[in-house]
Every structure is written in C-alpha cells, then in structure tokens.
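Worksheet: one structure, shown below.
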Amino acid sequence: MGERRNISLIRRAMWPALALLVVGNFAGYAVAGPNGLLAWGGYHRNLKERQVEFKRLQEQRAQLRHRSALLDPRKADPDMADELVRRDLGLIRPDEVIVPLN
C-alpha cells in the first residue's frame with residue numbers, strides 16, 4: 001500500500017514539476033538569453049556606436065552631394081572640373097606645383 005501511495009504522489013507532483021521547469025526555462029531566457037535583460041546593455045552600447053557611425057556617414061553624404069553639385073553639367077564649377085581633369089588625365093605642366101587639399 002505504501003508503494004502505491006508513493007507512485008500516486010509522484011504522479012500528482014509530475015505535472016506541477018514539469019510546469020515549473022517550463023516556466024523556469026522561459027524565465028532564464030528572459031533574463032540571460034540572447035534577447036534578455038542582460039543583453040539589453042549591449043544593445044544600448046551598439047545603438048550609440050551605430051548613431052555615431054550614422055552621423056559620420058550623413059556628413060560624408062553631404063560632402064559627396066556638394067561635390068557632385070559642383071560637377072553638374074549644366075553649371076559645373078570650372079575649378080573643380082579643372083582639378084579633376086588634371087588629376088585623372090595627368091595634364092600637369094612641369095612648372096606647376098600640386099598642393100593636395102585632402
């Protein structure tokens with residue numbers, strides 16, 4: 001009779017124990033998982049880094065946009081066109097001195 005009682009007790013405790021394991025598993029992932037609370041600090045740091053990089057890329061984009069506006073065929077800047085032609089085609093006279101700005 002004591003053996004049946006033990007088996008009955010184990011069967012009654014099995015489902016709550018299984019539920020506790022499942023809930024504990026989800027709680028563990030919520031805290032220490034790849035998207036959990038502990039990973040949030042890393043996400044915040046990555047966000048700050050990406051914002052700095054984004055700002056740098058926006059500035060670079062503005063510079064490129066300005067440079068391309070200077071090369072617009074309808075109203076090209078003569079100095080910019082002269083600089084590009086001389087640099088790309090090697091049309092530099094021997095008596096000229098080249099001073100790079102970049």
Side-chain angles (χ1 to χ4, degrees):
M1 184 105 128
E3 202 173 299
R4 280 188 176 180
R5 187 174 167 174
N6 288 341
I7 292 174
S8 173
L9 181 64
I10 290 172
R11 282 190 180 171
R12 280 186 294 161
M14 182 178 68
W15 291 113
L18 183 63
L20 241 157
L21 284 173
V22 169
V23 168
N25 186 30
F26 283 123
Y29 274 108
V31 172
N35 295 324
L37 294 174
L38 297 178
W40 193 26
Y43 288 145
H44 190 65
R45 255 189 321 278
N46 287 343
L47 175 64
K48 294 291 183 190
E49 291 172 5
R50 297 294 186 262
Q51 285 174 338
V52 168
E53 182 181 1
F54 182 65
K55 184 173 182 167
R56 183 185 58 79
L57 288 173
Q58 281 182 324
E59 291 170 358
Q60 184 180 8
R61 181 181 178 194
Q63 289 174 351
L64 290 172
R65 184 172 280 154
H66 174 69
R67 194 165 170 89
S68 69
L70 292 175
L71 294 174
D72 185 7
R74 294 170 284 172
K75 53 181 172 137
D77 181 38
D79 291 333
M80 176 66 95
D82 186 51
E83 173 191 338
L84 289 176
V85 167
R86 287 175 178 269
R87 186 188 69 205
D88 292 345
L89 299 179
L91 300 175
I92 302 168
R93 294 190 305 257
D95 63 337
E96 289 182 326
V97 176
I98 306 283
V99 180
L101 298 176
N102 296 348

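Below, all heavy atoms of this structure are taken into account, side chains as well, without hydrogens, waters or symmetry copies.
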For a quick test of reading the model, state the closest non-hydrogen atom pair linking Gly33 to Ala39 and the distance between them.
O-CB, 4.1 Å

Without placing hydrogens or testing angles, list every side-chain donor-acceptor pair under 3.5 Å for residues 52-61, not counting sequence neighbours.
none

Please report the interatomic distance CZ(Arg5) to CD1(Ile10), rounded to the nearest 0.5 Å.
12.5 Å

Validation row: Tyr29, Asn35 side chains within 4.5 angstrom (heavy atoms):
no

Indicate yes or no: at least one non-hydrogen side-chain atom of Val23 is less than 4.5 angstrom from one of Phe26.
no

Kindly indicate, with the supporting measurements, whether the criterion side chain to side chain contact (heavy atoms under 4.5 Å, CB included) is fulfilled by Arg67 and Leu84.
CA-CA 11 Å; Arg67 194 165 170 89; Leu84 289 176; 3.8 Å; yes

Residues two or more places apart in sequence or in another chain: which of them pass salt bridge (Lys or Arg N to Asp or Glu O under 4.0 Å) with Asp88?
none

Approximate separation, where rounding is to 0.5 Å, of Arg65 CZ and Leu70 CG
13.5 Å

